[in-house]
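Taking it in order: structure first as structure tokens, then the write-up.
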2 protein chains.
Amino acid sequence: MKSDEIKEAALKFFTIHGYEGASLSQIAEDVGMKKQSIYAHFKGKDDLFLQVLHDAKETELSSKLEYFSSIDSSHPEKDLYGFLQLVIDLFQKNEQLKFWLRISFFPPAHLQKDIDMEVIDIEEKVQGILENKFQEWMDAKLIIAPSAKIPTYAFLGVVDSILIELVYGNDEHRLLEKLNASWRVFWRGISHH
Amino acid sequence: MKSDEIKEAALKFFTIHGYEGASLSQIAEDVGMKKQSIYAHFKGKDDLFLQVLHDAKETELSSKLEYFSSIDSSHPEKDLYGFLQLVIDLFQKNEQLKFWLRISFFPPAHLQKDIDMEVIDIEEKVQGILENKFQEWMDAKLIIAPSAKIPTYAFLGVVDSILIELVYGNDEHRLLEKLNASWRVFWRGISHH
DNA sequence: AGATAACTGACGAACGTTCGTTAAAGAGGT
DNA sequence: ACCTCTTTAACGAACGTTCGTCAGTTATCT
């Protein structure tokens, strides 16, 4: 399908240069066609962008949901650290998460509404799942916390900090050191010892 | 000074729309002049951008350095939490930190070199200071950690996660909850108890 | 099977608009 | 008169978008 090729190229340039910085001629040239031909597949730049956005959202959401349904949920230390590694993995081998990060941080103003909806949707779902897991682990005395919300937010914070390091992306060694440090302090912060 | 007004407007639009999305005519109109007049004060868009960048960097760096030299360094819990509040404060009442965040995350490709230099400079200085502080606190048995690097990186992670929440910026309540959660878990992670 | 009609995808050309930039002319203050 | 700043005017280039066209494929009907 040609429209998939276009979306693939669009994803690349939107990720590198942002919405305003990416041009249809660039994208078309990358596919091997003229920019006018894009209009045979998409209604315009906004339509192309929103479809790329939707695909990226689906990929990210399903990846995370799949992870949570694959774990047995009885080993928080392994399960949580595994999630951090999943995020790193997704980011490094999947262009879509980079795109997702960029445009959720700094959306083009005239599409903010559409983007926010998708962002909030993922956010709520992941947060809900995490909160349930933490509650189970607290009930099973596997971790210690004043309420399930605390470790949930704190863990989401660790995820965010890893994402920032991935966005900077210049230093693999530094990434692993920050992952290690954040994880160790976080785990000590919620575990018995 | 008129060039300050121009930089102020430029800062605003660069922050909202990014480098590519901000136009000189927008900026000029905001100041109340024609875009061509900008060239009496700056060599061009890049020059304007880089000067705004430099100012933002100076502001952010000096704010943080000033904070570290103002604390007495004997109460890590207060000093560290105070730094988090400083970051929130800077972000909320200072346009320059928002600008700094956006362009350090996603710099315009042709200026990446110049930007990276400034970013790394701040990063190294703040990290160096923090590492020294943590070492002192470890020596004084005020906190516990395997090495000074661990709490340093972990704390920088907490800062980053707060910054992300500030970038999303839609929910003050959520920000405070994430701050509270990340901080509590972090502090439990490095303190005796 | 063969002719005809409809659809698909890509194209060159051009639209109006905006971009960053340069040059020359005019205004204001010292 | 000189310098600083602003304006008007104009530039080539690029932007997203629309148009008409045309080759190639697919579907329909006799």
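In what follows, every chain begins at residue 1, and chains take the letters A, B, ... in the order their sequences are listed. What you see below is based on every heavy atom in this structure, not just the backbone, and it leaves out hydrogens, waters and symmetry mates.
Checking B:F49, B:F105, B:F106, B:Y19 one by one against B:F99, the ring-ring contact (aromatic ring centres under 6.0 Å, His included) holds for a single residue, B:F49.
Formation of a donor-acceptor pair under 3.5 Å by the B:R184 side chain with backbone atoms of A:A145 is not found in this model.
Within a 6.0 Å sphere centred on CD of A:Q85, heavy atoms belonging to other residues, nucleotides or ligands number more than 12.
Both A:V159 and B:V167 belong to a single network of hydrophobic side chains, linked directly or stepwise wherever heavy atoms of I, L, V, M, F, W or Y lie under 4.5 Å apart.
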List the atom pairs, with distances to 0.1 Å, where a side-chain N or O of residues 5-13 of chain A and a protein N or O form a donor-acceptor pair under 3.5 Å, not counting sequence neighbours.
from  : atom 1 : to    : atom 2 : distance (Å)
A:K7  : NZ     : A:D55 : OD2    : 2.9
A:K12 : NZ     : A:D30 : OD1    : 3.3
A:K12 : NZ     : A:D30 : OD2    : 3.2

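Near DNA chain C, defined here as any heavy-atom distance below 4.0 Å, the residues from residues 14-48 of chain B are B:A22, B:S23, B:L24, B:S25, B:K35, B:Q36, B:Y39, B:G44, B:K45, listed numerically.
Interatomic distance, CD1 of A:I103 versus CG of A:D114, reported as 10.0 Å (0.5 Å rounding).
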Self-check item: Worked check of salt bridge (charged side-chain N to carboxylate O under 4.0 Å, His left out) between B:K149 and A:E177
Solution: CA-CA 9 Å; B:K149 265 201 148 52; A:E177 280 204 306; 5.2 Å; no
Practice problem: Treat primed atoms plus P, OP1 and OP2 as sugar-phosphate and everything else as base, then score nucleotides 24-30 of chain C 5' to 3': B for base contact with protein heavy atoms under 4.0 Å, S for sugar-phosphate contact only, - for none. | Solution: -------
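Classification of the A:F155-A:F83 ring pair by plane angle, with boundaries at 30° and 60°, yields tilted. Between A:F186 and A:W183, the ring planes are tilted. Angles from 30° to 60° get that label.
For the pair B:I88 and B:I162, the minimum side-chain heavy-atom distance is below 4.5 Å.
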Quiz item: Reading DNA chain C 5' to 3', what string of ( ), [ ], | and . shows its pairs, if Watson-Crick and G-U wobble pairs count only when both distances fall under 3.5 Å?
Solution: |||||||||||||||||||.||||||||||
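First and last contacting nucleotides of DNA chain D toward chain B (any atom under 4.0 angstrom from a heavy atom, 5' to 3' order): D:dT6 to D:dA10.
Side chains of A:T59 and A:Q96: a donor-acceptor N/O pair is present below 3.5 angstrom, by distance only.
For B:P107, the side chain to side chain contact (heavy atoms under 4.5 Å, CB included) criterion is met by B:Q112, B:I115, not counting sequence neighbours.
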